[in-house]
Chemist: 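A single structure is presented below for examination.
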Amino acid sequence: MEKTELRAPANLVSKRAIIQWTLQAVIGWAVVVVGQGLVVLLADAPPGWLRVTLAVSAVVGVVHVLVMPRWRYRVHRWETTGDAVFTRSGWINEEWRLAPVSRIQTVDTARGPLQQLLKLATVTVTTASAQGPVKIAGLDEDVAARIVDELAATTQATPGDAT
């Protein structure tokens with residue numbers, strides 16, 4: 001067997017992941033800004049710093065919503081081979097992961113409400129690693145199903161006990 005090296009994975013996630021990440025950011029920032037706005041509107045004499053934090057939150061929220069999803073899309077990559085699962089994720093802090101097939105214990109798929117709406121899925125590859133599972137988020141649901149099937153077949157054909 002060849003030595004498996006950490007390298008840039010070949011595949012991008014689905015472009016619809018940009019929509020998912022944008023919607024998640026909009027919802028998160030809406031909670032923060034609306035909450036602060038309600039306090040400013042409903043308080044008898046809100047302090048000036050509260051108006052400043054509301055303005056800062058609104059500006060940071062807009063920048064985050066506009067920048068993060070596209071940046072994250074450019075970073076997130078994945079690849080599976082007969083030897084390993086490769087991932088790169090993050091947007092401020094990038095994380096590169098390599099999970100040898102011989103160490104894979106389980107392969108799961110998850111689909112939250114936004115993912116279901118956008119026909120996306122997350123594949124989680126659990127290994128015998130202290131770093132925790134390898135996750136591939138933002139996949140087309142059919143691609144995720146194919147990856148799970150391929151990894152299940154590959155791990156069954158790989159000798160060892162995944163520990």
Side-chain angles (χ1 to χ4, degrees), residues 6-43 46-47 49-81 84-99 103-152 155:
L6 190 60
R7 59 179 171 77
N11 305 303
L12 288 168
V13 298
S14 172
K15 277 208 169 222
R16 289 190 311 278
I18 296 171
I19 298 168
Q20 176 192 346
W21 296 326
T22 300
L23 290 172
Q24 287 172 328
V26 165
I27 291 166
W29 283 107
V31 168
V32 170
V33 171
V34 168
Q36 289 176 336
L38 286 173
V39 171
V40 167
L41 288 174
L42 299 176
W49 62 264
L50 192 56
R51 294 180 198 280
V52 172
T53 60
L54 174 59
V56 169
S57 293
V59 170
V60 170
V62 167
V63 171
H64 180 251
V65 165
L66 293 175
V67 173
M68 178 275 297
R70 286 156 192 80
W71 190 342
R72 195 172 169 184
Y73 175 76
R74 286 187 204 110
V75 172
H76 280 225
R77 295 187 180 279
W78 65 275
E79 184 177 354
T80 60
T81 68
V85 176
F86 299 87
T87 64
R88 185 177 72 188
S89 61
W91 67 285
I92 291 177
N93 294 322
E94 286 185 27
E95 179 180 70
W96 294 62
R97 299 282 305 270
L98 177 147
R103 306 280 289 174
I104 293 175
Q105 295 176 329
T106 63
V107 182
D108 304 299
T109 305
R111 299 179 65 225
L114 280 178
Q115 288 177 310
Q116 292 176 40
L117 180 69
L118 297 168
K119 299 189 182 315
L120 296 171
T122 298
V123 171
T124 302
V125 178
T126 305
T127 65
S129 166
Q131 285 295 103
V134 174
K135 293 190 177 201
I136 310 170
L139 295 171
D140 287 320
E141 62 187 0
D142 58 329
V143 172
R146 181 181 51 81
I147 290 170
V148 169
D149 289 344
E150 288 175 3
L151 287 173
T155 55

Chemist: Phe86 versus Arg97: any side-chain heavy-atom pair under 4.5 Å?
Modeler: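 With C-beta onward as the side chain, the pair stays apart.
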
Chemist: State the CZ-CZ distance between Arg70 and Arg72, to the nearest 0.5 angstrom.
Modeler: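 One finds 13.5 Å between CZ of Arg70 and CZ of Arg72.
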
Chemist: Report, as yes or no, whether the 6.0 Å neighbourhood of atom CH2 on Trp71 holds more than 12 heavy atoms from other residues, nucleotides or ligands.
Modeler: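 It does not: Trp71 CH2 has 12 such atoms or fewer within range.
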
Chemist: Roughly how far apart are Thr81 OG1 and Leu98 CG, rounded to 0.5 Å?
Modeler: 8.0 Å

Chemist: List the atom of Val143, the atom of Leu139, and the distance in Å for their closest heavy-atom pair.
Modeler: CG1-CD2, 4.3 Å

Chemist: State, to 0.1 Å, how close Ala144 and Val123 come at their nearest heavy-atom pair, and which atoms those are.
Modeler: CB-CG2, 3.6 Å

Chemist: Could you tell me whether the side chain of Val134 reaches within less than 4.5 Å of the side chain of Thr124, counting heavy atoms only?
Modeler: no

Chemist: What distance separates Thr126 OG1 from Asp108 CG, expressed to the nearest 0.5 Å?
Modeler: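 Reported to 0.5 Å precision, the distance equals 5.5 Å.
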
Chemist: After noting the C-alpha distance and the side-chain angles of Thr122 and Gln115, does the key distance pass the side-chain hydrogen bond (donor to acceptor under 3.5 Å, both in side chains) rule?
Modeler: CA-CA 8 Å; Thr122 298; Gln115 288 177 310; 2.7 Å; yes

Chemist: Considering all heavy atoms of both residues, which atom of Val13 and which atom of Tyr73 are nearest to each other, and what is their separation?
Modeler: O-CE1, 3.2 Å

Chemist: So which atom in Gly132 and which in Thr127 form the shortest heavy-atom distance, rounded to 0.1 Å?
Modeler: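 Result for this residue pair: O-OG1, 4.1 Å.
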
Chemist: Holding to salt bridge (charged side-chain N to carboxylate O under 4.0 Å, His left out), I want the full list of residues that pass it with Arg111, two or more places apart in sequence or in another chain.
Modeler: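 Counting only residues at least two positions away or on another chain, Arg111 forms a salt bridge (charged side-chain N to carboxylate O under 4.0 Å, His left out) with Glu141.
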
Chemist: Let me confirm one number: the OG-CG distance from Ser14 to Asp142, rounded to the nearest 0.5 Å.
Modeler: 9.0 Å

Chemist: Atom CG of Leu23 and atom CG of Leu118: how far apart are they, to the nearest 0.5 Å?
Modeler: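 That separation rounds to 6.5 Å.
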
Chemist: Tell me every residue that passes side-chain hydrogen bond (donor to acceptor under 3.5 Å, both in side chains) with Ser57, counting only those two or more places apart in sequence or in another chain.
Modeler: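 Partners of Ser57 by the side-chain hydrogen bond (donor to acceptor under 3.5 Å, both in side chains) criterion, ordered by chain and then number, come out as Gln36.
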
Chemist: Please tell me if the side chains of Val85 and Leu151 come closer than 4.5 Å, counting only heavy atoms from C-beta onward.
Modeler: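 Yes, their side chains come closer than 4.5 Å.
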
Chemist: If a pair satisfies side chain to side chain donor-acceptor pair (under 3.5 Å) and one of its residues is in residues 15-27, list it, with sequence neighbours excluded.
Modeler: Arg16-Asp140

Chemist: Side chains of Val60 and Val62, heavy atoms from C-beta outward: is any pair under 4.5 Å?
Modeler: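 A side-chain contact is absent here, since even the closest heavy-atom pair is not under 4.5 Å.
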
Chemist: Report yes if some heavy atom in the side chain of Leu50 is under 4.5 Å from a heavy atom in the side chain of Val39; otherwise report no.
Modeler: yes

Chemist: Can you name the closest pair of heavy atoms from Thr109 and Ala121 and give their distance?
Modeler: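 Between these two residues, the closest heavy atoms are CG2-CB, 3.7 Å.
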
Chemist: Apply side chain to side chain contact (heavy atoms under 4.5 Å, CB included) to residues Thr87 and Lys135 and explain how you reach the verdict.
Modeler: CA-CA 8 Å; Thr87 64; Lys135 293 190 177 201; over 6 Å; no

Chemist: Measuring from Asn11:CG to Trp78:CH2, what's the distance to the nearest 0.5 Å?
Modeler: 4.0 Å

Chemist: Does any part of the side chain of Arg51, heavy atoms only, come nearer than 4.5 Å to the side chain of Pro46, both counted from C-beta?
Modeler: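 SC-SC contact between Pro46 and Arg51 confirmed.
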
Chemist: Check whether His76 reaches the backbone of Gly90 with its side chain - one donor and one acceptor, N or O, closer than 3.5 Å.
Modeler: yes

Chemist: Between Trp96 and Arg88, is there a cation-pi geometry (under 6.0 Å to ring centre, at most 45° from the normal)?
Modeler: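 Output yes; distance and angle both within limits.
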
